[in-house]
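Note that these values count all heavy atoms, side chains included, but never hydrogens, waters or copies made by symmetry. Below, chains carry the letters A, B, ... as their sequence lines are ordered, and counting in each starts from 1.
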Amino acid sequence: MPIDFKSQLNPAQLEAVMVTDGPVLVIAGAGSGKTRTLVHRLARLVSLGVDPTSILLLTFTRKAASEMLSRAEKLLGMALGGVQGGTFHAFSFATLRRHPQATGYPGTLTIMDRGDAEEVMGHVISGLGAGKGDKSFPKKGFVLELISKSRNKELTVSDVLSREAYQLLPHATALEEIADEYRIYKENHGLLDYDDMLFTLERALLAHPDLLEQLRARHRYIMVDEYQDTNLVQARLVKLLAGEAGNVMAVGDDAQSIYAFRGANVENILSFPRIYQGTRLIRLEQNYRSTQPILDLTNAILRGAKDRFDKNLFSEREGGPKPELVKAYSDQTQARLAVEKIRELKRRYLACEIAVLFRAGYQSYSLELALNKEGIAFQKFGGLRFSEAAHVKDAVAFLRVVHNPRDAVAWKRVLTLVDKVGEKTALKIAVAVRDNDQGFLAAQRKKNPGLEAVFAFLEELRSEPGGPAAMLERAVVFYTPALTRLHPEDYPRRLAGLEQLSQIAVSYAHLEAFLADLALENPEEERKGVREDAVVLSTVHSAKGLEWAAVLLLDLVDDRFPSRHALARPEDLEEERRLLYVACTRAKDLLTLYVPGTVYNRAGGGSQPAMPSLFVRELDRDLYTEMRETFSGALTRLGEGGMGNGSFQARSVDMGGEMSGSFQDGIGTGSFSSARREALAESCRSGAQPLEPAFASPFASSPESGGTGGNGPLGFCQHRIFGRGKVVARLGDGKSRVNFPGFGMKVILNEYLEMEP
DNA sequence: GCGCCTTAGTTTTTT
DNA sequence: ACTAAGGCGC
């Protein structure tokens, strides 16, 4: 039965679906049915008889691609297995893998994630002796970002520096040299970073016209989602692939550009009609997602933008409450208030219809603890990746050296697990492997039984590899003793994580694909999908393109949202504004913004007063309902014309002693033991002092300070709560610094310590 | 020279 | 928690 597109789409959406030939640019406002349009167009192409394998769907995440495919399949009632879909990076690598001769690289290739690239960069910098002893010299992470930005924006390193960090211009020459060395190192070791994938594909297409023709013939219809977040090389790749036919549809929203920091170029979307002659421009402006009060707020956020966005979303969803602005005493009580809100919302909505969003991954830590304590399930997106954990990288490194023996980063991980082998030895061995220096290798194996064991294991793994899952399981078995030694406190948890990874690996037939996906996607995220019973926690970046009935947005204070790093440059601040716009437009029915009066900083000495976000300060009071936490922890609603924004005073009432302690300890899961809970409660009653920077916990210092301190022996001690620990320093003030296995460094009053004889 | 431990100083977003 | 740098011992 033919699909009745006309009844399911509005006129603009319908136009986008019906025009299947030639270039089309769809400017799609937030919530304007962009995905719906793409899905229907996909279905229509196939219903017209287009071979699914000739459709290429480039999206921001693979999750987005697979969601579109499954929705289109539902619509069509048939499978769309052949449609190519995924990120530019994944598509690029998959294409390169199919045409290894075109890459220009000899041998196998390994994709580096951020951590791997930092490793290489550290090696390159120290190898050149760059900035040695110079505190003003940028750190490897910064250098990596700088070089990546220069490649993505296609500017010289010096140009990037003069725009974004002119104080580093004196180092420009050294940094250019580092960039060269970094490139050479990667080439010599068969390593590709994220940027290389795109540029290598472009080079391959330009150098091999036959390959280009083949790909053009294959990908007759191209659709690109989130086009505003593409960079220059991505736009050129699309142009190359689209060819003369130009059957390309780009979908995007200039107001939602949030990836300029990694080189995305909003100009791409604006210049699309110029680059593709005869572009049909279609605007989707009606919002089907949010209620009008929510849109009033998001429109206001955009109105403050420096760049003009010719956009004013309107909705037919007239009703609904205004967004709420909740002023909490601290970020700790914010977490408690958010949990209460979630509990209330869960009575009306499925948990998966509720999302808590934040600017940076770490901003949800205290909320995660609170949710754990309440037994509320959640799924977190964004922030640290599972595959970036040290134990995962260690275990996977065994597979990597088997796949690509030139992968020096993986060799270093594998070999430094062996006692007495450090970076230098590991790299020497990696070089010997690459140059097939059997003599050196034999001598090393003879000298160190640990090395002998590793090599024997790797030979075994190489000779009878089996699938990725089988290989990983064997690697985990081999790695377990080292894991136990390295992480005596929590190796069971890490082992369980590796077991999970083996489960993920089962679905891969080829090692190379498994390793690539590990670097390109978050396999855990892909696998878990959406759980109905779990509230969603996500960074705003990872929330892009998604929607929820209720959205809670945390930490709307200067330095956090907008991020501290963005305050220096107007362009960065504008991106933060668009980020806030993206965050708020995720909400369908309810939107709650949290403004804590104080925020806790690990580095900056405990809790400090915070200023409501400048984006909040500039909002008209009529756009939201303001609620304020009272001393009892309840919320009161401020009457209209009551105290306005300016009167909000940051309060330093520390109601979060308990949370501070648990946050500090960094124990992510499980509940507190009753002994610990008692101690925490006690410390709250006794009015524990705010914490010492970096180390303190609520019960580390107490009001009465006994002892004169500064002396006393080092050695092992017992503590009522933390158990056995090692005294590493006597600090004076009657305090000592003690390292407790599993709890980390603490500053503790001597009177709470019992020294072991 | 090299491995390994200690100590001091920091956390943005993602492929 | 995680990195970089400095110190110690082989």
Side-chain angles (χ1 to χ4, degrees), chain A residues 58-62 86-93 111-115 117-119 122 125-126 131-133 135 137 139-142 145 148 152 192-198 226 229-231 233-234 258-264 357-363 365 381-385 388-390 415-416 418-428 448 516-522 525 538-544 555 559-567 572 575-576 578-579 582-583 601-605 663-668 693-695 714 726 728-729 737 739 744-745:
Chain A
L58 293 169
T59 54
F60 213 68
T61 62
R62 190 165 52 185
T87 63
F88 274 92
H89 293 85
F91 168 75
S92 299
F93 190 67
I111 296 175
M112 297 192 293
D113 65 15
R114 167 78 193 240
E118 280 198 15
E119 187 89 44
I125 291 175
S126 64
K132 216 170 176 184
K135 286 234 163 158
F137 200 83
K139 308 232 176 305
K140 63 185 178 190
F142 182 95
E145 242 157 61
S148 175
N152 279 293
L192 292 185
D193 66 19
Y194 291 123
D195 306 330
D196 291 327
M197 285 183 260
L198 306 176
E226 310 282 10
D229 284 322
T230 55
N231 64 18
V233 64
Q234 286 168 331
I258 54 174
Y259 281 98
F261 74 90
R262 67 169 208 210
L357 307 183
F358 32 83
R359 175 68 181 81
Y362 72 90
Q363 286 170 276
Y365 289 166
F381 298 92
L384 285 180
R385 277 184 187 207
E388 280 165 8
L415 296 172
T416 50
V418 176
D419 207 25
K420 306 249 189 284
V421 178
E423 182 173 357
K424 301 282 175 178
T425 311
L427 291 180
K428 267 189 233 167
N448 191 332
D517 275 6
L518 225 39
L520 285 173
E521 331 256 347
N522 190 338
E525 210 166 275
S538 175
T539 61
V540 181
H541 282 90
S542 295
K544 186 178 156 95
D555 280 349
D559 283 11
R560 292 207 168 182
F561 205 154
S563 142
R564 184 164 50 84
H565 301 269
L567 291 169
D572 292 346
E575 182 148 308
E576 298 287 307
R578 294 190 296 269
L579 198 55
V582 168
N601 285 312
R602 268 159 192 262
F663 183 36
Q664 281 275 322
D665 292 341
I667 296 169
F695 296 116
L714 301 183
K726 187 178 177 187
V728 295
R737 182 169 297 158
N739 193 352
M745 259 339 157

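- At the phosphate of dG3(B), neither OP1 nor OP2 sits under 4.0 Å from any side-chain N or O atom of Thr416(A).
- Asp113(A) comes within 4.0 angstrom of nothing in the nucleic acid, heavy atoms only.
- The separation between Phe142(A) atom CZ and dC2(C) atom P is 23 Å, rounded to whole Å.
- At a threshold of 4.5 Å between non-hydrogen side-chain atoms, the residues Arg359(A) and Arg560(A) do not count as touching.
- With DNA chain B read from its 5' end, the first of the two nearest nucleotides for Lys428(A) and Leu520(A) is the one closest to Lys428(A).
- Residue Lys544(A) has no polar side-chain atom (N or O) positioned under 4.0 Å from OP1 or OP2 of dT13(B).
- Environment of CG in Leu567(A): crowded, with over 12 heavy atoms of neighbouring residues, nucleotides or ligands closer than 6.0 Å.
- Remark: Lys424(A) is not in phosphate contact with dG3(B), judged by side-chain N or O atoms under 4.0 Å from OP1 or OP2.
- Per the geometry, CZ belonging to Arg62(A) stands 16 Å off C1' belonging to dT14(B), to the nearest Å.
- Rounded to whole angstrom, the span from the CZ atom of Phe137(A) across to the P atom of dA5(C) amounts to 11 Å.
- For Phe261(A) and His565(A), the ring centers are positioned 6.0 Å apart or more.
- The phosphate of dT11(B) has neither OP1 nor OP2 within less than 4.0 Å of any side-chain N or O from Arg560(A).
- Nearest to the side-chain atoms of Lys420(A) among the listed nucleotides dT15(B), dC4(B), dT14(B) stands dC4(B).
- At least one side-chain nitrogen or oxygen of Ser542(A) sits closer than 4.0 Å to the OP1 or OP2 atom of dT14(B).
- Counting any heavy atom pair closer than 4.0 Å across all strands shown, Gly383(A) reaches sugar-phosphate atoms only and no base atom.
- Using a 4.0 Å heavy-atom criterion, one finds that Phe88(A) contacts no nucleic acid atom at all.
- The side chain of Thr425(A) places an N or O atom within less than 4.0 Å of a non-bridging phosphate oxygen (OP1 or OP2) of dG3(B).
- Looking only at side-chain heavy atoms (C-beta outward), Phe88(A) and Val233(A) stay at 4.5 Å or farther from each other.
- In this structure, Phe91(A) has its ring center at least 6.0 angstrom away from the ring center of Phe93(A).
- Put simply, Phe261(A) rests on the base of dT13(B): the two rings are less than 5.5 Å apart at their centres and nearly parallel, under 30°.
- Residue Glu423(A) is in sugar-phosphate contact alone, with no base atom involved, counting any heavy-atom pair closer than 4.0 Å across all strands shown.
- No contact: Gly122(A) has no heavy atom under 4.0 Å from any strand.
- Residues Thr87(A) and Phe60(A) fail the side-chain proximity criterion, which asks for heavy atoms closer than 4.5 Å.
- As rounded to whole Å, 7 Å separates atom C1' of dT3(C) from atom NZ of Lys140(A).
- Here the P atom of nucleotide dT12(B) and the CZ atom of Arg262(A) are 17 Å apart, to the nearest Å.
- Across all strands, Val540(A) comes closer than 4.0 Å to no nucleic acid atom at all (heavy-atom distances).
- The aromatic ring of His565(A) sits over the base of dT12(B), with ring centres less than 5.5 Å apart and planes inclined by under 30°.
- Between the CZ atom of Phe60(A) and the C1' atom of dT15(B) there is a distance of 7 Å, rounded to whole Å.
- Going from atom CG of Asp517(A) over to atom P of dT15(B) covers 12 Å, rounded to whole Å.
- Of the candidates dT14(B), dT12(B), dT15(B), the closest approach to any side-chain atom of His89(A) belongs to dT15(B).
- When each of Ile258(A) and Val421(A) is assigned the nucleotide of DNA chain B bearing its nearest heavy atom, the one mapping closer to the 5' terminus is Val421(A).
- For Tyr194(A), counting side-chain heavy atoms from C-beta on, the closest listed nucleotide (dT15(B), dT14(B), dT12(B)) is dT15(B).
- When each of dA4(C), dC4(B), dT13(B) is scored by its nearest atom to the side-chain atoms of Asp419(A), the top-ranked nucleotide is dC4(B).
- In this structure, the CD atom of Glu576(A) is 11 Å from the P atom of dT12(B), given to the nearest Å.
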Trace of the side-chain contact (heavy atoms from CB on, under 4.5 Å) decision for Asp517(A) with Arg62(A): CA-CA 10 Å; Asp517(A) 275 6; Arg62(A) 190 165 52 185; 3.1 Å; yes
